[in-house]
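Read the structure below first, then the notes.
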Number of protein chains: 2
Amino acid sequence: MDTFSILRNHNLRRTACREGILKVMMTSGKALSESEIRSHLMGNFDRTTFYRSFKTMEDSGILHKIVVDDRMVRYGLSEAVTGKSSHPHFYCTTCHSVFCLDQSLVAPQLPSGFSTDDLEMIVKGVCKKCNA
Amino acid sequence: MDTFSILRNHNLRRTACREGILKVMMTSGKALSESEIRSHLMGNFDRTTFYRSFKTMEDSGILHKIVVDDRMVRYGLSEAVTGKSSHPHFYCTTCHSVFCLDQSLVAPQLPSGFSTDDLEMIVKGVCKKCNA
DNA sequence: TCCATTAATGCAACAAATTTGTATTTGCAA
DNA sequence: TTGCAAATACAAATTTGTTGCATTAATGGA
Ligand SMILES: [Mn+2]
Ligand SMILES: [Mn+2]
Ligand SMILES: [Zn+2]
Ligand SMILES: [Zn+2]
């Protein structure tokens, strides 16, 4: 799917910043941070614009935000683009890459009276490349 | 277990700040943020000192850091104090409380070549009190 | 194609959470 | 009791993200 179709299918205007973000993310195959995306785009856009673009595309279901740690936030392409549903993430403690995993998430047993809205899981370890 | 023993068992010096943090946490039964702990201790210590104390006690296994979201970090008493092992956490989106859950965590299937060091899960929802 | 409308962007300022440097104080072992 | 390493306070810096506002650009319809 091309960046133009992705944006149009979600009723978002086609802008250079949004298309740049999507292109970088589709190429990398990993979840990326604001600063990583900005450096790939050679500083063509303001930081504010990236943050507003992330928010817009997250609200539209194109991206999802992954909080690896405070001070480490990444964005990944969502179901609408990749076909994957809610899933755990893997953080490599060596190369700091973040990958979306294919599994689905299972809620743990909760105390009585508690209800669940959302589940998030981060697996920390070492990726294939760094283990080699 | 008293705060003195906890610190001594982990080869940490007994200081007013560390004992204050532990006392507040043992009383509350929930995971607390730096500002919550600071307000319980009536501003007796500098914020820097709290952050350095958290780090020291986390490194020693007395506390664990819970990242609910970027911009929302809490600390909980660890296994060494409570007897609980690695566990998921629950965040109430209504009252913003964070609870350590009793279940244990199961790692999802990883791609070949990947290895796991640590697992973190946050369940977001509504707690018993807020559901009532 | 041209235009009006409305959304997107850039820029400056702001803000909160956390970290770092350093001089001073304190815990504790000898 | 004393010496020394560790802990603390305070100021300043960093990191990450947000907000207000004037300017620019995308898009649908004339
Ligand atoms: Mn993902
Ligand atoms: Mn916990
Ligand atoms: Zn790696
Ligand atoms: Zn609640």
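Chain letters run A, B, ... following the sequence lines, proteins first, then strands; residues in each count from 1. Side-chain atoms are counted along with the backbone in the values below, which use heavy atoms only and exclude waters and symmetry mates.
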message: Closer than 3.5 angstrom, by distance alone: can the side chain of A/S53 be matched with the main-chain N or O of A/R18 as a donor-acceptor pair?
response: no

task: Determine, for A/R47 against A/E34, whether the closest basic-nitrogen to carboxylate-oxygen distance falls under 4.0 angstrom.
output: no

statement: To the nearest angstrom, the CZ-P distance between B/R38 and D/dT8 comes to 15 Å

task: Provide, to the nearest angstrom, the distance between the NZ atom belonging to A/K65 and the P atom belonging to D/dG17.
output: 7 Å

query: Taking for each residue the nucleotide of DNA chain D with the nearest heavy atom, is it B/D70 or B/R18 whose nucleotide lies nearer the 5' end?
result: B/R18

field: For atom CG of A/D69 and atom P of D/dT15, their distance in whole Å
entry: 16 Å

query: Rounded to the nearest Å, what distance is computed from the CD1 atom of residue B/I37 to the C1' atom of nucleotide C/dA17?
result: 15 Å

- line: Residues in residues 43-51 of chain B with a heavy atom under 4.0 Å of DNA chain D, by number, are B/N44, B/F45, B/D46, B/T48, B/T49

query: Is the closest side-chain donor-acceptor distance between B/S5 and B/D2 under 3.5 Å?
result: yes

message: If I take atom CD in residue A/E36 and atom P in nucleotide D/dT16, what distance separates them, rounded to the nearest angstrom?
response: 11 Å

- prompt: Does the D/dG28 base have a donor-acceptor partner in the side chain of A/R8 within less than 3.5 Å?
  reply: no

message: Can you tell me how the ring of B/F99 sits relative to the ring of A/F114, calling it parallel under 30°, perpendicular over 60° and tilted otherwise?
response: perpendicular

field: Protein-nucleotide distance (B/R52, atom CZ; D/dC10, atom P), rounded to Å
entry: 13 Å

Check: B/K65 and A/D69 side chains under 4.5 Å, non-hydrogen atoms: yes

query: Which of parallel (below 30°), tilted (30 to 60°) and perpendicular (above 60°) describes B/F45 and B/F50?
result: perpendicular

query: Can you tell me how far P of C/dA8 sits from NZ of A/K55, to the nearest Å?
result: 12 Å

Protein-nucleotide distance (A/N11, atom CG; C/dA7, atom P), rounded to Å: 13 Å

message: Counting neighbours of NE2 on B/H40 that are heavy atoms of other residues, nucleotides or ligands and sit closer than 6.0 Å, is the number greater than 12?
response: no

message: Check this for me: does any side-chain nitrogen of one of B/E19 and B/K23 sit under 4.0 Å from a carboxylate oxygen of the other?
response: no

Would you list the protein and nucleotides 25-28 of chain C atom pairs, both N or O, that sit under 3.5 Å from each other?
residue	atom	partner	partner atom	Å
C/dG27	N2	B/R13	NH2	3.4
C/dG27	N3	B/R13	NH1	3.3
C/dC28	OP1	B/R14	N	2.8

- prompt: Honestly curious: do B/L32 and B/Y51 fall in one hydrophobic cluster under the side-chain, below-4.5 Å linking rule?
  reply: yes

query: Taking the side chain from A/H64 and the backbone from A/G76, do they hold a donor-acceptor pair closer than 3.5 Å?
result: yes

task: Report which part of the nucleic acid B/R71 touches: base, sugar-phosphate, or nothing (heavy-atom distance under 4.0 Å, all strands).
output: base

- prompt: So how far off straight is the helix from C/dT1-D/dA30 to C/dA30-D/dT1, going by the axes through five pairs at either end, to 10°?
  reply: 30°

- prompt: When we call it a touch if two heavy atoms are under 4.0 Å apart, what does B/T56 touch: a base, just sugar-phosphate, or nothing?
  reply: nothing

message: Are A/M26 and A/M1 linked, directly or through intermediate hydrophobic residues, by side-chain heavy-atom contacts shorter than 4.5 Å (ILVMFWY only)?
response: yes

message: Do B/K128 and A/P111 make a side-chain contact, defined as non-hydrogen atoms from C-beta onward lying under 4.5 Å apart?
response: no

